[in-house]
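Here is the structure we will look at, set down as structure tokens.
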Amino acid sequence: MSPSRAVDFRTCPLLYRYRAIDRLPELPGRPQVRGTLVHAVLERLFALPAAERTREAATAMVGPAWVDLVISSPGLADALFATPDPASVDPAAGGEPLAREPDGSEQVAEQGQDRPVPADAGFARWLASVHDLVEAYFVLEDPAAVEAESVELLVETELGPALLPGRETGPETGPGTGPDAGSGAERGPGGGLLLRGFVDRIDVLPGGGLRVVDYKTGRIPQESGEAAAMFQLKFYALALLQLRGTVPDELRLLYLPAGQWLSYSPDADELRRFARVLDALWTAIRTAGREGDFPPRRSGMCRFCRHRERCPEWGGTPPPYPGWPSTDEEPLPDDG
């Protein structure tokens, strides 16, 4: 299970189905690609020796990182700047990055695009906003003083009996080993819940503890959005507890546009309770997948959804249910 798909199911089961099972394509918006580019720059920044992690070095990386992104995604630049973005900004997601693997993810678009903007002017303004976010990062922390153990780390682990006591082990039969095969959610070889996701950064603190860091390139969300962001960090903390047997000392969200950060310190008992929450959520997903029952759930997030034209809540008709993915299908990593 990945954080993003778990949040999808909690937000709207039909959205989960479209992304994890139907795998319907979603065109990324400018804020989302901006988030991807900022993440790429910060990843490159932390590949440098500590003394070289300067503001000037980071801003100089923006252009080359954009070129690499365009090369890896042919047609992306034309799709972004030939026409205006069709939707408005989601203040909660606010331009989070593209999936860092072959899977769909949250989609947001730029506000105020109600008429075409010349491609060169639109691109220049957008690229300047990337530079602004990279420079804003330096208001929040001095990267030269950060001991980053890992950057853009894929965490992958199966929750065992210590975190899910009472769960039977061994391979499962029938639907349940692969209903989210397209987004990285499944049972592991031992029958435990398999967690996967990319962590922006893991730091080593002066006392030897760990800090999990996540960059946010959108605005600070309201309470519900903040809870979703902390859900993501708890997910990573739980995975690290399973992998390393230690609870991270701190979970930190860095909101670059606002120049603010949110911090939280979990404990082992809380993460064990969270493991049961995820296990129950996975059971609900398996049940929905077996029955093909993924109802839509109307909320304020609907106005940012790319699938409204096929949603019954908005007069649309879902495509035929393709069925539970084959257990033989190769699971794909997911962003979260």
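These values consider heavy atoms only, across backbone and side chains, with no hydrogens, waters or symmetry-generated copies.
When each of Leu253, Leu140, Val213 is tested with Trp261 by the rule side chain to side chain contact (heavy atoms under 4.5 Å, CB included), just one qualifies, namely Leu140. With respect to Leu159, the side chain to side chain contact (heavy atoms under 4.5 Å, CB included) criterion is satisfied by exactly one of Asp279, Leu241, Leu195: Leu195.
Contact annotation: the side chain of Trp282 never approaches that of Phe9 to less than 4.5 Å [non-hydrogen atoms, C-beta and beyond]. Side-chain contact between Trp126 and Leu37 is present, with heavy atoms from C-beta onward closer than 4.5 Å. In this structure the side chain of Val70 never reaches within 4.5 angstrom of the side chain of Ser73, judged on heavy atoms. Taking 4.5 Å as the limit, some side-chain heavy atom of Tyr137 sits within range of a side-chain heavy atom of Leu45. A heavy-atom distance below 4.5 Å is found between the side chains of Asp200 and His39. Residues Phe46 and Val146 form a side-chain contact, since some pair of their non-hydrogen atoms from C-beta on lies under 4.5 Å apart. Side-chain contact between Phe123 and Leu127: present, with at least one pair of heavy atoms (C-beta onward) separated by less than 4.5 Å. Here the side chains of Leu240 and Ile202 are in contact, with some heavy-atom distance below 4.5 Å.
Once rounded to the nearest 0.5 Å, the distance linking CZ of Arg310 with SG of Cys305 reads 9.0 Å.
With respect to Arg244 and Glu149, a salt bridge is recorded, a charged nitrogen being found less than 4.0 Å from a carboxylate O. Between Asp22 and Arg17 there is a salt bridge, since a side-chain N of the basic residue sits under 4.0 Å from a carboxylate O of the acidic one. The residues Arg272 and Asp269 are annotated as salt-bridged, a charged nitrogen and a carboxylate oxygen being separated by less than 4.0 angstrom. A salt bridge links Asp68 with Arg44: the distance from a Lys NZ or Arg NE/NH1/NH2 to an Asp or Glu carboxylate oxygen falls below 4.0 Å. Look at Asp8 and Arg10 and you find no salt bridge, because none of the NZ, NE, NH1 or NH2 atoms lies under 4.0 Å from a carboxylate O. Using a 4.0 Å cut-off between charged side-chain N and carboxylate O, Arg297 and Glu313 make no salt bridge. Here Glu141 pairs with Arg201 in a salt bridge; the nearest charged N to carboxylate O distance falls below 4.0 Å.
With sequence neighbours excluded, the residues satisfying ring pair (Phe, Tyr, Trp, His ring centres under 6.0 Å) with Phe274 are Phe231.
The hydrophobic clustering, which links ILVMFWY residues whose side-chain heavy atoms are closer than 4.5 Å, places Tyr236 and Val277 apart. Under a hydrophobic clustering in which Ile, Leu, Val, Met, Phe, Trp and Tyr are joined whenever their side-chain heavy atoms come within less than 4.5 Å, directly or via other members, Leu205 and Val212 fall into different clusters. Side-chain heavy atoms closer than 4.5 Å link hydrophobic residues (I, L, V, M, F, W, Y) into clusters, and following such links, even through other members, never connects Leu15 to Phe294.
Taking every heavy atom of both residues into account, Leu193 and Met1 meet most closely at CD1-CB, 4.4 Å. Taking all atoms of both residues into account, the shortest heavy-atom contact from Val247 to Pro266 is CG1-O, 3.7 Å. Smallest separation of non-hydrogen atoms from Val151 and Ala148: CG2-CB, 4.2 Å. Arg252 and Glu250 make their closest contact through NE-OE2, 2.7 Å (heavy atoms, listed as atom of the first residue, atom of the second, distance). Nearest approach of Pro28 to Val33, heavy atoms of both residues: CB-CG2, 4.0 Å. Nearest heavy-atom pair, Leu42 versus Leu256, reported as atom, atom and distance to 0.1 Å: CD1-CD1, 4.5 Å.
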Arg219 vs Tyr255, side-chain contact (heavy atoms from CB on, under 4.5 Å): CA-CA, chis, key distance, verdict = CA-CA 7 Å; Arg219 290 170 286 179; Tyr255 286 96; over 6 Å; no
Please test Glu270 against Tyr264 for side chain to side chain donor-acceptor pair (under 3.5 Å), starting from the C-alpha separation and ending with a verdict.
-> CA-CA 12 Å; Glu270 177 185 12; Tyr264 179 73; 2.4 Å; yes
Would Thr157 and Gln242 satisfy side chain to side chain donor-acceptor pair (under 3.5 Å), going step by step from the backbone distance to the final call?
-> CA-CA 7 Å; Thr157 187; Gln242 174 67 41; 4.6 Å; no
Output, in order, the C-alpha distance, side-chain angles, deciding distance and verdict of side-chain contact (heavy atoms from CB on, under 4.5 Å) for Val155 and Leu153.
-> CA-CA 6 Å; Val155 292; Leu153 175 70; 3.9 Å; yes
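The closest side-chain donor-acceptor pair between Arg34 and Ser129 falls under 3.5 angstrom.
A cation-pi arrangement is found for Arg308 relative to Trp314, the charged atom lying closer than 6.0 Å to the ring centre and inside a 45° cone about the ring normal.
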